[in-house]
Every structure is written in C-alpha cells, then in structure tokens.
Amino acid sequence: METKYIFVTGGVVSSLGKGIISSSLACLLKARGLRVTIQKFDPYINIDPGTLNPYEHGECYVTVDGHEADLDLGHYERFTNVHTTRANNVTTGRIYQSVINKERRGDYLGKTVQIIPHITDEIKRNVKLLGNTGKFDYVITEIGGTVGDIESLPFLESVRQLRWELGQNSLCIHLTYMPYLAAAHELKTKPTQHSVKMLQEVGIQPDILILRTEHDIPAQMRRKIAQFCNVEPDAVIQSLDQPTIYQVPVAMHAQHLDEIVLRKTGVTPEGEPHMEPWMNFLDKMNKAEKEVTIGLVGKYVELQDAYKSIDEALFHAAVYNDRRLKLVMIHSEKINDSNAGQLLSPLDGVIVAPGFGQRGIEGKFSALKWCREHDVPTFGICLGMQCMVIEFARNVLGLDDANSTEMNPTTRHNVIDLMEEQKSISNLGGTMRLGAYDCELTPDSRAAKAYGKTLVSERHRHRFELNNDYRQDLERAGLKCVGENPSTHLVEVVELEGKRWYLGTQYHPEYSSTVLSPGPLFVDFIKAAISYHEEKQAAE
C-alpha cells in the first residue's frame, strides 16, 4: 500500500495536546496491524532543543541515534513502542541550515533562494523522508505551534502543497479548544470557527476536527461546527479531559477516529484494533488502590514537563506493581543536611534527577547522604549517579573536596571528569555522549537481575564520566561499578552493596520506558520502595 500522510495542526491556543492526539491515533492504527511512525515539525529556529533551557521547552528527549528532540517524541515512543530517530523531529533551524548549506555548495545553480519554493521544498522533502523508506503505511506529521503563528507559515504552505500532490493519500486533522464560559454556562464555538477559517485562508481544509474541552459538547453543537467549518458531522470529535493521557486512545476509538482516518485515506476498516495489552495496562491502573510515594530531587521540579520521561517511567512501573504513584517534588536548592530527614523520611523511595550545572548540586549531595545512611531505596540518573559517586567519595572515602570538573575545574579529586579526547572540543554539542550505547552488566548485580540479562542498550545525554582512576578505591569501599561500556570501559552503573536498593546509572533508562515495555530498573526500584514501605508499616 502507498504511504499515507496525516497532518495534525492546532488552533486557538498552544499546549492542547497535539502530541497526545497524534500518539493516540498512531497507537490505534498500529493496533490494527499497520506500520506507523510520527514526526514533529517545530517552528523555532534552534537547530534542536539540546541547548534550550527546560524553562523554555520542558524536557529534551534523546532518540536512539543520538538526536536531541522535542519531548513529544517521548510520547510517540511510549504510545507506539517504536523507536524514533533524527528524522522524526525537524526544526525551522534545521530546514534553514540545510537550505543555506545547499546554497553555499551551489546546488541551486545561482538562483535566488526564497521561502517558496526552496524552504517549502526542503520541508516537503523532510515530511516524505520516512514515507520514502517503504517501512511505513502511515506517517503522522505534527506541526508545532498554532495556526496564525508567523513561524508556522512555511510549514502550513508545505502542507497545502502536499495535500494537492498526495490527494487521497493525505488528510488534515485540526485540533482546537472549545472554551466554557462559567458566567454564561455555555460552550463557545466561535474560537474554533475562526481557527478553521485561518487554516482555510492558507489553503488547507481540515478533514477532521478534534475539539479539546472540559465539558461534553452536545451533538447539536457539533453539527453546527461541522456546518460552519465544511467538515462531515461524524468527523467532528470531542477530546474531553481524561484522568490520564493513556485513556485518550480509548476515548478516540470510541468516536471512531481510526476508522474515519482509514476511510478518508481509501482504506476499508476491518474488525477492531488489537488493544488487549493496552487495556490490561489501563485495567491494572484503575484497580490499583495502594500508593507508593516517591520523591524526585531536582532543580526544575516546579516545571511540569522538565522530568517528563522520568515521571512517566515511574508511573508505568507503579502500575505494573499494582500501585498508584504519589510523586513528591523536592527542590534541590531547598534541601540541606539539616532538613533532609524531615523532607525524605515520609518517602518510600528517592530519585535524584539528571541535569547540568552547579545550581542545586549541594542539595543533591545532602539528599543522597541521608538516603545512603538511612538505607532508603535510591535511584540516581546521569548527574544523579555522578552525585552518588561524589557524595560517597567525600563522606566514605574521606576525599573532602571530591567533585566533578564540571562544578570545580580545579578540584584535586576529580572523581567525575571529561575524558581526555573530549577536553579539546569547544562546541557544546560536540562533547556530549548522545544516543544508545551498549552496557555490560556484572552477573548477579541488582541491575542485571532487574533486566534479566547482562547486555543492555540505553540512551545517554551527558559530557562527564566517572574517572576510572578512582574506580578501585570506590569499589573497595563498597560502591561497585557493575555496568560498563564494553568497548570503552566507561562506567555506566554503580550499586552500593549491602543496601536495599541504592543504584545509579550514567545513562537515562527513562527514555526507553513505554506503556507496553516498562523500564526494568524502574519496575525493580518501585518494587524495592514497596517492600521498604511495608517494612516501615510493620515496624510501627
């Protein structure tokens, strides 16, 4: 079958959940046995979100091939169980960079380079890149931002052109917001009408409208929207707020979104999607009554999306352990040796978050010291693992000024350091270890038992590494290096022996946790936290 292209646009306001709708549709189509992938086109001029502050753009997600991507790609993977790559996330910056490079090489044979056709052709080339591989039946393309944004215009023009070129092999889904005026006790359709009108003004007629709403939209009102927006009545779908994002695919299927998409792209829907594993997850989630309380120590805890993949990985793991997750955010700048016990003692487990830079680092050391001394299940990720090593070196090995050269370039005990081959690289991205790398685990280690194997592949996003000059001293004192890269011997996993669960990973295991394949380390961590909780209860 020829590859079909679905474009998802948004209107009225941003953050409506285009990524969740795209992911939900992909989930449903995949459950019908179709080969599906999703890509995100972001209108900002940054080459990628790798240098963006989390305050600007939330979490930076990393693909297996080492591309720093928009956090929506995390949703795509969690909903579809399919890895994404560099081709699944394109920014305006990458488009312009490619066009300018071609112009410099003389590829345009001296012609004046313009938005149309050169920029739009480059966008179209990227849209069709995944479809041209022959690996996918459907390519879902989410256009970032909202209709009317000046930055989005070249992308929308490209979509307009592709709709004509692809004919029935393409369609447009437009997501808008239906506000409810409490004073008037009524939903308002006008913002949606204006949003569709703006889309029509750039030459795109949506095939399906999805209306994000906090209140049920009466059938009569949906028919009115269909009439004003030139959309078939059954293709006007409401997206009511759900208790969790993982119930959205079920809500969309109940309104036949997947069947409408198939019919409109010339495919006859047959039977029902195979959603049993997904429904089993939801069933476990809904039946869970007991709570497990996990504290997350980080410097961006006030931001909803800064640790999105960790939040979701913990949620998956709690569900598979028949628990409801209670996540307590602890700002690493507000915890110290004097209040650590007060903040951490009510918790069943503690995660020390990844990050970059000095801010909040001393708070992480205080949290780790208290957790280590009181034998609380503790999970350090990336910088969190490095902080485990530094805290242990300071307080157990007695190396008072032990540090990372990221925090103190002149430290005498550089237990965390840049590797020699990285020190001459000045480009911020150039010193990063990005993407999936193999890790060999020590047999009988807690990590190996959690994974059920000794060779794993996980994703990285960091510059600094454990300094192997200190490895012997750390291990002799009980901090075992139980995972290493088989080709470089860089340390990937540390465990503190004799503890309930005290483990750090240099890599980011949260990136590979999905609804149907929860992260093994997270599942084991939550299991240990539950056991600790039960021990505490028994002792009371």
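Values reported hereafter were calculated over all heavy atoms of this structure, with side chains retained and with hydrogens, waters and symmetry mates removed. This structure is a prediction, so every number in the text was calculated from the model and none was measured.
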- Sequence neighbours excluded - salt bridge (charged side-chain N to carboxylate O under 4.0 Å, His left out) pairs with any residue from residues 403-415: Asp401-Arg412

- Item | Geometric class of the Phe281/Tyr246 ring pair [parallel <30°, tilted 30-60°, perpendicular >60°] | perpendicular

- Query: Would you call Arg500 and Glu535 a salt bridge, taking side-chain N to carboxylate O under 4.0 Å as the test?
  - Reply: yes

- Listed partners of Ser98 passing side-chain hydrogen bond (donor to acceptor under 3.5 Å, both in side chains), at least two apart: Glu122

- Query: Should the pair Arg476-Asp473 be classified as a salt bridge under the 4.0 Å nitrogen-to-oxygen rule?
  - Reply: yes

- Query: Is the gap between the ring centers of His83 and Tyr511 under 6.0 Å?
  - Reply: no

- Message: Ring-plane angle category for Phe7 and Tyr5, please: parallel below 30°, perpendicular beyond 60°, tilted otherwise.
- Response: parallel

- Message: Taking the basic N atoms (NZ, or NE/NH1/NH2) and the acidic carboxylate oxygens, is any pair closer than 4.0 Å for Lys299 and Glu333?
- Response: no

- Check ion pair Asp258-Arg32 (N to O, under 4.0 angstrom): yes

Only distances under 3.5 Å count here; give the side-chain donor-acceptor pairs of residues 377-398 to other protein atoms, sequence neighbours excluded, each with its distance to 0.1 Å.
residue : atom : partner : partner atom : Å
Thr378  : OG1  : Val376  : O            : 2.6
Gln386  : NE2  : Phe464  : O            : 2.9
Gln386  : NE2  : Gln506  : OE1          : 3.1
Glu391  : OE1  : Arg372  : NE           : 2.9
Glu391  : OE2  : Arg372  : NE           : 3.4
Glu391  : OE2  : Arg372  : NH2          : 2.7
Glu391  : OE2  : Asn395  : ND2          : 2.8
Arg394  : NE   : Ala402  : O            : 2.8
Arg394  : NH2  : Ala402  : O            : 3.3
Asn395  : ND2  : Glu391  : O            : 3.4

- Walk me through it: do Glu59 and Tyr300 pass the test side-chain hydrogen bond (donor to acceptor under 3.5 Å, both in side chains)? CA-CA 10 Å; Glu59 172 191 77; Tyr300 297 118; over 6 Å; no

- Give me the ring orientation class for Phe41 and Phe155: parallel if the planes are under 30° apart, tilted from 30 to 60°, perpendicular past 60°. perpendicular

- Side-chain donor-acceptor pair under 3.5 Å between Ser366 and Asp337, yes or no? yes

